[in-house]
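The structure appears below as structure tokens.
These numbers come from the heavy atoms of this one structure, side chains and all, not from hydrogens, waters or symmetry mates.
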Amino acid sequence: MTRKQREAVDALHRNAPVHPNPTLEEQRAGFAGALSRPRPGDVAVRETELGGRPALDLTPATATGRGRLLYLHGGGYVLGAPGTHTGITGQLASRARLRTTSLDYRLAPEHPFPAAVDDGLAAYRALLDEGVRPEELVLAGDSAGGGLAVATLVAARDAGLPQPAGAVVFSPWVDLTLGGQSMSTKKDADPIFTPEAIQAFATHYLAGQDPAHPLASPVFADLRGLPPLLVQAGSNELLLDDAVRLAARAAADDVDVTLRVWAQVPHVFQNHFGHLDEADEALDEAARFLSVRVGAGQETPGVWADVRTGAAPPRWTGTRDGDRLTVWQRARGPAVPVPGGAARPERRGRAAPLRSTACSSGPGGPAARRAARVRQG
């Protein structure tokens with residue numbers, strides 16, 4: 001993880017061309033051009049249909065045949081498609097060795113809320129109807145797709161469907177009221193968004209409906225009964241508090257959840273795989289989580305630093321830790337051996353402690369901001 005890499009990614013976003021008053025078609029074309037990355041060479045892609053919607057199937061050559069991943073792309077519910085996300089989706093599929101289906105859910109403003117949630121639920125139901133066992137099914141999504149993944153889980157639970165084995169969300173957008181403190185505190189740090197731009201996406205998607213509706217803003221939903229979650233975010237994004245408050249709400253609702261915040265990287269930094277060390281590490285962590293959840297992976301030693309003490313946890317095993325929300329931040333610098341065969345980061349690269357405040361279990365209450373460890377009483 002080098003400062004030069006992070007600075008290069010930041011400059012790439014800040015120096016991106018800005019076109020005044022673009023049409024919706026121009027926005028979608030620009031988004032596709034800016035976001036698209038090549039998929040891994042070992043991943044085969046074919047067009048398919050799922051739950052009445054077009055989709056892409058991405059199958060890595062190393063797929064074990066066990067496990068299935070449903071991916072929901074980002075784009076503010078207005079932009080994007082499975083084709084714009086074959087890079088990041090293919091990377092996750094390849095690293096997790098999971099056959100993956102990326103859904104082309106309906107977009108606003110042509111199809112406002114709750115169309116995307118309806119499509120996500122229909123796709124999830126269709127996978128179950130195909131015979132995919134819920135314990136071998138996992139979800140993932142980025143940005144709005146991350147919020148949609150959580151909303152799909154809530155909708156599936158409310159419909160009486162069994163929950164999947166787990167879900168991973170990258171920089172999830174889960175509060176369409178834009179109520180997080182980071183919407184103001186991270187204005188200068190975020191190289192991609194302004195609050196006004198995010199509000200425009202929300203306006204398109206909601207079409208006058210309540211922004212606090214739990215399926216539009218699942219940070220306000222009752223999350224009890226959801227499967228284990230891995231939430232990843234960068235510290236340089238307006239939506240940081242969406243991730244933090246989602247994890248806090250999940251923990252308060254007795255959901256096994258892990259929040260990981262990488263310092264000085266932007267929204268959905270995972271899409272900079274191959275150019276940013278943090279992106280590759282985050283994708284590896286997400287793939288490891290998914291593989292363990294569906295039983296297709298092996299336990300892998302972790303090299304994570306506790307943000308309070310710098311000490312490494314004994315191992316990453318993917319086992320459940322249901323009574324607490326633990327936040328680990330990757331340390332700067334390579335791992336070095338310590339007596340007993342464990343690993344810890346070099347002292348000079350130890351992650352600095354993160355500020356924390358009390359965690360509120362109530363919707364809209366104070367969030368657990370980068371808490372090192374939040375235990376439920």
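Using cut-offs of 30° and 60° on the angle between ring planes, the pair Trp173 and Tyr77 is tilted.
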Gln264 vs Arg6, side-chain hydrogen bond (donor to acceptor under 3.5 Å, both in side chains): CA-CA, chis, key distance, verdict: CA-CA 7 Å; Gln264 300 177 350; Arg6 296 192 299 275; 3.2 Å; yes

Please determine whether side chain to side chain contact (heavy atoms under 4.5 Å, CB included) holds for the pair Phe170 and Phe269, giving the CA-CA distance in whole Å, both sets of side-chain angles, and the decisive distance to 0.1 Å. CA-CA 9 Å; Phe170 303 145; Phe269 64 92; over 6 Å; no

I'd like to know whether Asp119 forms a side chain to side chain contact (heavy atoms under 4.5 Å, CB included) with Leu121, so could you lay out the CA-CA distance, the side-chain angles of the two residues, the decisive distance to 0.1 Å, and finally the verdict. CA-CA 5 Å; Asp119 291 348; Leu121 178 60; over 6 Å; no

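For the pair His275 and Gln5, the minimum side-chain heavy-atom distance is 4.5 Å or more.
Checked by atom type, the side-chain pair Arg68/Thr101 shows a donor-acceptor distance below 3.5 Å. Side-chain N/O atoms of Gln199 and Thr203 include a donor and acceptor closer than 3.5 Å. Side-chain atoms of Tyr71 and Asp142 include a donor-acceptor pair closer than 3.5 Å.
Electrostatic pairing of Asp10 and Arg14 counts as a salt bridge here, judged by a charged N lying under 4.0 Å from a carboxylate O. No salt bridge links Asp254 with Arg224; every basic N to acidic carboxylate O contact stays at or beyond 4.0 Å.
If you chain together hydrophobic residues whose side chains sit under 4.5 Å apart, Val45 and Leu50 never meet in one group.
Arg260 pairs with exactly one of Glu285, Glu281, Glu278 by the salt bridge (charged side-chain N to carboxylate O under 4.0 Å, His left out) rule, that one being Glu285. When each of Leu69, Thr100, Val168, Leu58 is checked for a side chain to side chain contact (heavy atoms under 4.5 Å, CB included) with Leu92, only Leu69 meets the rule. Applying side chain to side chain contact (heavy atoms under 4.5 Å, CB included) to Phe193 and the options His267, His13, Lys187 leaves one that passes, His267.
Here Ser171 pairs with Glu237 under the side-chain hydrogen bond (donor to acceptor under 3.5 Å, both in side chains) rule; sequence neighbours left out.
Here the CG atom belonging to Leu230 is positioned 6.0 Å from the OG1 atom belonging to Thr258, to the nearest 0.5 angstrom. Separation of atoms CZ (Phe113) and CG (Leu206) is listed at 7.5 Å; rounding is to 0.5 Å.
Residue pairs meeting the salt bridge (Lys or Arg N to Asp or Glu O under 4.0 Å) criterion with at least one member in residues 28-49, sequence neighbours excluded: Arg28-Glu110, Arg46-Asp57.
Minimum heavy-atom separation, Ala216 to Leu176: O-CD1, 3.2 Å.
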